[in-house]
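Below, all heavy atoms of this structure are taken into account, side chains as well, without hydrogens, waters or symmetry copies.
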Amino acid sequence: MTATELKDFLDEKVITFNNPTFITDDPIQIPHLYTLKEDIEIAGFLSATIAWGNRKMIIKNAHRMMELMGNSPYDFVMEHHIDQLDSLDSFVHRTFNGVDFTTFIKGLKHIYTVYGGLEQVFANSEIPMQERISNFKKLFFEIEHPIRTEKHISDPLKGSAAKRINMYLRWMVRKDNAGVDLGIWNTVNPADLSCPLDVHSGNVARKLGILTRKQNDAKALVELDTVLRNMDPIDPAKYDFALFGLGAIEKFLDDK
């Protein structure tokens, strides 16, 4: 397959999977429940944070998160009383538990109170996005917190591909009118986004010859980014739909 043929193939798959039917089985459905900007971005951030493992369980537990916050995530983050946090103790998704959930609520309040919100933290276009993610983690955990909770926000500068937070940024930033990504942030350029790299997108990228590194880490993300930015420097993260869709939905690797 030539470079042109490969681009045409992936562009076609973007169209196949980047449509409202994708939402039904994806955790992006959670932020789609809301209309207030802050509700959307908080619901998205928390849902993306637990987005590993079985997709049905991710969606079920993300809905549970919203219920525990009275289905008003921004109000809960900003106005909760200490005793209300006790209701979060029972929450668990794999290794993310009630202690982590409570810490995230406090961290989010810190971000909105001190730094003007999630969008503002990522709006610094003078540094690469992966550095912005690393900086966000530092700011988020300026509050007193248990060390165990730090593992739930990845740091690209420490070698992580940061799949979940790159996916979250795609949700918030991309504007393509296809009905999936929410595109509510206006101060972050879609050209700065990276494709969320997970087992599905990574294995499909390797099969297609656009990724050679075996680990799904920060170095692999740079390699994949380079290829995808050559294909579309304005909107490189759109290819997440193609790579993930081919691997997780179309079972592309099973047929090859």
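Contacts classified as salt bridge (Lys or Arg N to Asp or Glu O under 4.0 Å) and involving residues 133-152 (residues at least two apart or in different chains) are given here: D100-R148.
Under the 4.5 Å side-chain criterion, counting only non-hydrogen atoms from C-beta, F96 is not in contact with N61. Looking at heavy atoms from C-beta onward, S194 lies in side-chain contact with R229 at the 4.5 angstrom threshold. Y112 has its side chain within reach of L118: a pair of non-hydrogen atoms, C-beta onward, lies under 4.5 Å apart. Contact check for M65 versus L88: no side-chain heavy atoms found under the 4.5 Å cut-off. At least one side-chain heavy atom of N18 sits less than 4.5 Å from a side-chain heavy atom of R174. Within the 4.5 Å cutoff, the side chain of M129 has heavy atoms near those of the V188 side chain. For the pair F241 and V180, the minimum side-chain heavy-atom distance is below 4.5 Å. Counting heavy atoms from C-beta outward, F122 and N135 have side chains that stay 4.5 Å or more apart.
Taking the six-membered ring for Trp and the full ring otherwise, F45 and F140 have centroids separated by under 6.0 Å. For H110 and Y115, the gap between ring centers is short of 6.0 Å. A centroid separation of 6.0 Å or more is found between the aromatic rings of F17 and F244.
The pair D25-R55 fails the salt-bridge criterion, with no side-chain N (NZ, NE, NH1 or NH2) lying under 4.0 Å from an Asp/Glu carboxylate O. Between K219 and E223 there is no salt bridge, since no side-chain nitrogen of the basic residue lies less than 4.0 Å from a carboxylate oxygen of the acidic one.
Not a single donor-acceptor pair under 3.5 Å links the side chain of H152 to the backbone N or O of T149. A donor-acceptor pair under 3.5 Å is formed between the side chain of Q84 and the backbone N or O of H81. Not one N or O on the side chain of D26 forms a donor-acceptor pair closer than 3.5 Å with the backbone of F22. For E5 (side chain) and T2 (main-chain N/O), a donor-acceptor pair under 3.5 Å exists by modelled atom type. In this structure, the side chain of R164 engages the main chain of T49 through a donor-acceptor pair within 3.5 Å. In this structure, the side chain of D39 does not engage the main chain of Y34 through any donor-acceptor pair within 3.5 Å. Looking only at distances, a side-chain donor or acceptor of H145 sits under 3.5 Å from a matching main-chain atom of I143. S201 contributes a side-chain N or O that, together with a main-chain N or O of P196, makes up a donor-acceptor pair within less than 3.5 Å. Of the possible donor and acceptor atoms, none in the side chain of N124 sits under 3.5 Å from a partner among the backbone N and O of V121. A donor-acceptor pair under 3.5 Å is absent between the side-chain atoms of H93 and the main chain of K60, judged by distance alone.
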Verdict with reasoning, H200 to L243, per side chain to side chain contact (heavy atoms under 4.5 Å, CB included): CA-CA 7 Å; H200 298 293; L243 297 176; over 6 Å; no
Derivation and outcome, salt bridge (Lys or Arg N to Asp or Glu O under 4.0 Å), residues R132 and D192: CA-CA 11 Å; R132 290 183 239 176; D192 294 339; 2.9 Å; yes
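Side-chain polar atoms of S160 and D155 form no donor-acceptor pair below 3.5 angstrom. Under 3.5 Å, the side chains of R206 and N216 contain a donor-acceptor pair of N or O atoms. Side-chain contact check for Y168 and K163: no donor-acceptor pair (N or O, by modelled atom type) lies under 3.5 Å. Counting only N and O atoms by type, the side chains of W185 and E41 include a donor and acceptor under 3.5 Å apart. Remark: the N166 side chain and the Q130 side chain contain an N/O donor-acceptor pair separated by less than 3.5 Å.
The only option from D176, D181, D11 that meets the salt bridge (charged side-chain N to carboxylate O under 4.0 Å, His left out) definition with K238 turns out to be D11.
Atom CG of N97 and atom OG1 of T103 lie 8.5 Å apart (nearest 0.5 Å). Distance check: I184 CD1 to I40 CD1 gives 4.5 Å after rounding to the nearest 0.5 Å.
For A242, the side chain to side chain contact (heavy atoms under 4.5 Å, CB included) partners at least two apart in sequence or on another chain are L10, K13, V14.
The aromatic rings of F104 and F141 lie perpendicular to each other, with more than 60° between the two planes, well past the 30° mark.
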